[in-house]
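Take a look at the structure below.
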There are 2 protein chains.
Amino acid sequence: MGDIMADGRTAQTFGSENLLFLTDEQLRQGIEAMFFAYRGFTADPDRILSELAYGRAHHRAIHFINRAPGTTVNNLLAILGVTKQSLNRVLRTLISDGLVESRVGTIDKRERHLFLTEQGQNLESSLSDAQRARMRTAFRDAGPVAVAGFKQVLEAMMDADMRRTHIQLRDSTT
Amino acid sequence: MGDIMADGRTAQTFGSENLLFLTDEQLRQGIEAMFFAYRGFTADPDRILSELAYGRAHHRAIHFINRAPGTTVNNLLAILGVTKQSLNRVLRTLISDGLVESRVGTIDKRERHLFLTEQGQNLESSLSDAQRARMRTAFRDAGPVAVAGFKQVLEAMMDADMRRTHIQLRDSTT
DNA sequence: AGCTTATGTCAGTCTTGTTGACATTCCAAG
DNA sequence: CTTGGAATGTCAACAAGACTGACATAAGCT
């Protein structure tokens with residue numbers, strides 16, 4: 001359809017042998033690699049979470065509250081890309097379980113600023129440790145050049161607003 | 001915890017400046033990059049699917065049936081990593097909607113071999129086109145070296161059995 | 001003949017997402 | 001000062017897609 005040639009190469013392939021890595025087959029392999037890798041990426045924290053009756057949504061909230069302590073609900077909403085009702089259900093359980101603290105804003109009292117309690121930080125650490133251990137092994141096995149390429153491709157794959165959020169988080173902690 | 005040093009570097013960091021990309025901060029950035037990129041990765045097909053009352057589960061089934069036509073239900077189960085009840089629900093709708101055909105095996109009549117109908121192939125194409133378009137742009141922007149690194153890290157991140165499945169699929173179509 | 005395998009199906013549960021409606025609180029503009 | 005809108009929270013209902021457990025059927029294997 002459209003730009004697909006009969007032999008399965010894209011139009012860009014012609015005129016430059018450097019672009020042979022853009023065959024449909026190469027792209028499909030990239031797609032499958034993302035699928036299988038994401039499974040591995042989430043497997044370790046998922047195991048820990050399932051024992052605590054929490055899910056991935058709780059992990060994501062905990063991760064980004066840890067990353068940007070004092071963030072508002074609205075800000076977290078934008079990062080996570082879910083509805084406030086969805087996030088609220090997760091936050092409610094985390095707050096009532098004593099993992100997250102919600103403080104009314106001093107400047108704007110409508111806003112709630114979110115922080116991890118000590119207990120929340122402990123869970124964050126154990127989830128993060130598991131995920132980082134896998135990432136560390138993968139990075140070490142692949143080497144620095146591969147890691148640079150990995151990040152480059154991932155950033156190019158994001159939506160523009162997510163790329164902005166990602167870069168902002170990245171640079172704020174470097 | 002455990003191997004985390006006070007300054008946030010991992011134990012491996014010491015003794016080799018080449019391994020500075022393994023700081024906890026670098027690993028965290030990798031984790032977030034995966035999260036944001038995966039959102040972009042699924043965004044385009046998700047839009048198409050939502051108009052057809054299908055979800056990601058249908059997409060995954062269609063993708064791998066297209067990739068390995070004639071595959072059995074059991075085989076697909078292993079690739080997708082879900083329960084047969086979960087997969088069956090998806091397959092039932094796809095078969096009754098005329099996108100997938102299920103043929104009783106000739107050698108082993110217990111097995112069902114799965115194929116995309118012409119209609120199924122059409123949907124696969126439009127989903128795949130959308131996803132490949134994004135992947136193609138990302139690959140082109142990042143360049144061949146980055147793409148090689150990207151694939152290398154993703155493979156290192158997979159569980160061993162998923163890596164086997166991935167490599168098997170990759171080599172069977174090259 | 002009996003055990004195992006492959007598949008399908010029914011019933012129930014859980015997480016996580018959705019929409020819609022409505023209340024509260026507060027800032028800011030008229 | 002009042003009113004409109006923004007930020008937040010809550011309730012209710014619903015759907016997708018994962019899960020477990022149980023059971024049925026057919027076919028292959030020993």
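What's counted below: heavy atoms across the whole structure, side chains too, no hydrogens, waters or symmetry copies. Chain naming here is simple, since letters A, B, ... match the order of the sequence lines and numbering starts at 1 in each.
- Separation of the F35(B) and Y38(A) ring centroids does not fall under the 6.0 Å cut-off.
- The side chain of V73(A) lies closest to dG9(D) when the candidates are dT16(C), dG9(D), dA27(D).
- Residue-level contact check: R89(A) touches the bases, meaning some heavy atom is under 4.0 Å from a base atom.
- Across all strands shown, H59(A) has no heavy atoms under 4.0 Å from either base or sugar-phosphate atoms.
- Here H113(B) lies out of heavy-atom contact (under 4.0 Å) with every strand.
- At a cut-off of 3.5 angstrom, the base of dG17(D) holds no donor-acceptor pair with the side chain of Q85(B).
- Across the interface with DNA chain C, nearest-nucleotide mapping of E111(B) and G55(A) shows E111(B) to be the residue nearer the 5′ end.
- In this structure, CG of N88(B) is placed 8 Å from C1' of dT7(C), rounded to the nearest angstrom.
- Note on R92(B): every side-chain N or O is 4.0 Å or more away from OP1 and OP2 of dG17(D).
- Remark: P of dA6(C) and CG of L91(B) are 16 Å apart, rounded to the nearest angstrom.
- Side-chain proximity of A57(B) to the nucleotides dG17(C), dA18(D), dG28(D) is greatest for dA18(D).
- Nucleic acid contact for I107(B): sugar-phosphate only, since backbone atoms but no base atoms lie under 4.0 Å from a heavy atom of the residue.
- Of the candidates dG9(D), dA27(D), dT7(C), the closest approach to any side-chain atom of R112(B) belongs to dT7(C).
- The phosphate of dA18(D) (OP1 or OP2) has no side-chain N or O of T83(B) nearer than 4.0 angstrom.
- Checking the phosphate oxygens (OP1, OP2) of dT16(C), a side-chain nitrogen or oxygen of H58(A) falls inside 4.0 Å.
- Ring planes of H63(A) and H59(A): perpendicular class, angle over 60° (limits at 30 and 60°).
- The aromatic ring centroids of F150(B) and F21(A) lie 6.0 Å or more from each other.
- Regarding K84(B), its NZ atom lies at a distance of 16 Å from the C1' atom of dA18(D), rounded to whole Å.
- Per the geometry, CZ belonging to R103(A) stands 22 Å off P belonging to dT25(C), to the nearest Å.
- Listed candidates were dT16(C), dT20(D), dT7(C). Nearest to the side chain of N74(B) is dT7(C).
- Rounded to a whole Å, the CZ atom of R39(A) is 13 Å from the C1' atom of dA18(D).
- With salt bridges taken as basic N to acidic carboxylate O contacts below 4.0 Å, none links D161(B) and R164(B).
- Side-chain rings of F41(A) and F36(A) stay apart, their centers remaining 6.0 Å or farther from each other.
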